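Here is the structure we will look at, set down as structure tokens.
Everything numeric here is computed off the predicted structure, so don't read it as measured data. Numbering of residues begins at 1 and proceeds along the displayed sequence.
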Amino acid sequence: MRALAAIALALLPAVAGAQSSRGESYQVIDSVVLPSGDAHAGRQAFQDLKCHVCHRVSGEKDFSPIAGLQGPMLNATLQLQAGSDIAAAIIAPSHSLSIRTSEAVKAQMSRQGLSPMGDFSRALTVRQLADLLAYLRTIR
């Protein structure tokens, strides 16, 4: 099942030629169909995957980032982004940079060439991705 999930996640939209921290490349495809997600399960996935270590979430008092280099604040601006773009940012975060990324993180990326977020293409199931996207769509 995990192998199937890893294959499916590798097919999600990303910039052609982008590489993960393990040197894997990603492929741009036209569309992917995901199952409907469950926002409550997505909130749990957010915790399980330790997203809260780096990301603050608007309206969430339970999530308090502890990482030195924090990722962008997750808020209502997510509603303006295509689901495929959000999914790609989760799976292959080094392919692009949010305009809300801190200057410290941008500086580290320019030195390392990789997002501090890491590669989730092997850690995330298709179900978790669908649920996580549903949860992110509830943030205001």
Pairing residues for Asp48 by the side chain to side chain donor-acceptor pair (under 3.5 Å) criterion, not counting sequence neighbours: Gln44
Nearest-0.5 Å distance, CD1 of residue Ile66 to NZ of residue Lys50: 9.5 Å
Cys51 side, atom SG; Leu132 side, atom CG - distance, nearest 0.5 Å: 5.5 Å
Of all pairs that satisfy salt bridge (charged side-chain N to carboxylate O under 4.0 Å, His left out), the ones with a partner from residues 128-140, not counting sequence neighbours: Arg127-Asp131
Student check: side-chain heavy atoms of Arg43 and Asp62 closer than 4.5 Å: yes
Closest approach of Ala130 to Pro35 (non-hydrogen atoms, all atoms of both residues): CB-O, 3.3 Å
Check: Ala41 main-chain N/O paired with Gln128 side-chain donor or acceptor under 3.5 Å: no
Interatomic distance, Gln47 atom CD to Glu60 atom CD [nearest 0.5 angstrom]: 8.0 Å
Rounded distance (nearest 0.5 Å) linking atom CG of Leu133 with atom OG of Ser84: 9.5 Å
Reported CG-to-CG distance for the pair Leu129 and Leu34, which is rounded to 0.5 angstrom: 5.5 Å
Results of ring-ring contact (aromatic ring centres under 6.0 Å, His included) for Phe46 - residues two or more places apart only: Phe63, Tyr135
Shortest non-hydrogen contact between Asn75 and Ile139, atoms and distance: CA-CG2, 3.5 Å
side-chain contact (heavy atoms from CB on, under 4.5 Å) evaluation trace for Leu136 with Ile90: CA-CA 11 Å; Leu136 295 175; Ile90 294 167; 4.0 Å; yes
Closest heavy-atom pair and its distance - Ala134, Gly37: CB-C, 3.6 Å
